[in-house]
A.B. asks: 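Structure in structure tokens, see below.
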Number of protein chains: 2
Amino acid sequence: MGMASTDLEARLRASGVRPTAQRLAVLGELAAEPNDATAQVLWQRIRERGGRRVGLATVYRTLALLHEHGVIDALSHHDGERCYRLCTGAHHHHLVCESCHRVVEVAECDLDPWVAGVARRHGFVARAHQVEISGTCASCRAA
Amino acid sequence: MGMASTDLEARLRASGVRPTAQRLAVLGELAAEPNDATAQVLWQRIRERGGRRVGLATVYRTLALLHEHGVIDALSHHDGERCYRLCTGAHHHHLVCESCHRVVEVAECDLDPWVAGVARRHGFVARAHQVEISGTCASCRAA
DNA sequence: TTTAGTGCAAAAGTTTTGCATGGTC
DNA sequence: GACCATGCAAAACTTTTGCACTAAA
């Protein structure tokens, strides 16, 4: 399930981010989280895990940095907190459950022609697009 | 573009929200905003407009109340602030220029079948979706 | 040696809450 | 009068920043 720490390290290196112990701790915690997590939550988990001591400010700085370098995604916030999530490199979209905040990655995307057409009609040239679908997942609907 | 204040009043009444002067001020300000706005921004505009004095806490309370009653939508946060928008039922997406940051609203959207299908295939029931296309606009390309 | 990264504490910003007051039914 | 809504100020929280210190190239 988890990603070997050497993988994470390689991932940072490949993105031009120096893989310090603190950054690996943050990224490792994020890799262990199937959904999304906030800076505060990640910080608490790292601290509970009791390994190396990481400052809260460093967690914030690291998340911002990783996001800038495209290593992690930033999602819509639920409660006034920003959420981050480790993502696969391939183009994908997000399905977010409004009730339990579960996030599912959706690989299927045949929107490129539509996107290009919409952009052209407004004088734009599209470079990227992002879709976020919110709704309720099966288990929340059952409850 | 503005909505008559009697319309807004009726809208509140219909939703079971008592139409006080402050709530109408907040809602009126939101009706004048084509995009989305934060509590802080709305508060400042009301205060600049110089009419009735409205407390910041009231703006927050009003937005939360209106959202609960489905009168307004809460959108993803922009920078750690929550954004609200009047529900028009008119669904649109955003085209953002990466160079000049201009935002253009795109009304055309025939994505509902696609969105519903994607959601269903993952056990979700979709309620809303948001598309953001980034690229370069015509004038930036010319420059 | 030079630079980038970090911890800590303080600051900045946003949202919420407590409480007395004012307005409505 | 009973109750809901409001203003103001304080509190709670999230996030950013300044600065001295440490680790690394």
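From a predicted model like this one, the values you see are computed outputs, not experimental measurements. Chain letters run A, B, ... following the sequence lines, proteins first and then strands; every chain starts at 1.
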A.B. asks: According to a strict under-4.0 Å criterion, is Tyr60(A) in side-chain N/O contact with OP1 or OP2 of dT15(D)?
C.D. replies: yes
A.B. asks: Which pairs with one or both residues in residues 16-26 of chain B pass salt bridge (Lys or Arg N to Asp or Glu O under 4.0 Å), sequence neighbours excluded?
C.D. replies: none
A.B. asks: Which residues satisfy the side chain to side chain donor-acceptor pair (under 3.5 Å) test with Arg141(A), sequence neighbours excluded?
C.D. replies: none
A.B. asks: Quick one: His67(B) NE2 to dT16(C) C1', roughly how many Å, whole number?
C.D. replies: 16 Å
A.B. asks: Starting at CG of Leu12(B) and ending at C1' of dC4(D), how long is that distance when rounded to a whole Å?
C.D. replies: 15 Å
A.B. asks: Between Arg47(B) (CZ) and dG7(D) (C1'), how many Å, whole number?
C.D. replies: 12 Å
A.B. asks: Rounded to whole Å, please give me the gap between CD in Gln44(B) and C1' in dT14(C).
C.D. replies: 13 Å
A.B. asks: Are there any protein N/O atoms within less than 3.5 Å of an N/O atom in nucleotides 1-7 of chain C, and if so, which ones and at what distance?
C.D. replies:
unit_1	atom_1	unit_2	atom_2	d
dG5(C)	OP1	Arg23(A)	NH1	3.0
dG5(C)	OP1	Arg23(A)	NH2	3.2
dT6(C)	OP1	Thr20(A)	OG1	2.6
dT6(C)	OP1	Gln22(A)	OE1	3.2
dT6(C)	O3'	Gln22(A)	NE2	3.0
dG7(C)	OP1	Gln22(A)	NE2	3.4
dG7(C)	OP1	Arg53(A)	O	2.5
dG7(C)	OP2	Gly55(A)	N	2.8
dG7(C)	OP2	Thr58(A)	OG1	2.6
dG7(C)	N7	Arg61(A)	NH2	3.0
dG7(C)	O6	Arg61(A)	NH2	3.3

A.B. asks: CD of Glu68(B) versus P of dT16(C): gap in Å, rounded?
C.D. replies: 11 Å
A.B. asks: Tell me whether the rings of His93(B) and His129(B) are parallel (<30°), tilted (30 to 60°) or perpendicular (>60°).
C.D. replies: tilted
A.B. asks: Excluding sequence neighbours, so at least two apart, what forms side chain to side chain donor-acceptor pair (under 3.5 Å) with Arg120(A)?
C.D. replies: none
A.B. asks: Please enumerate all residues that pass side chain to side chain donor-acceptor pair (under 3.5 Å) together with Gln22(A), with sequence neighbours excluded.
C.D. replies: none
A.B. asks: Roughly, in whole Å, what's the span from CG in Leu63(A) to P in dT14(D)?
C.D. replies: 14 Å
A.B. asks: Which residues satisfy the side chain to side chain donor-acceptor pair (under 3.5 Å) test with Arg45(B), sequence neighbours excluded?
C.D. replies: Glu33(B)
A.B. asks: What's the CG-P distance between Leu27(B) and dA5(D), to the nearest Å?
C.D. replies: 15 Å
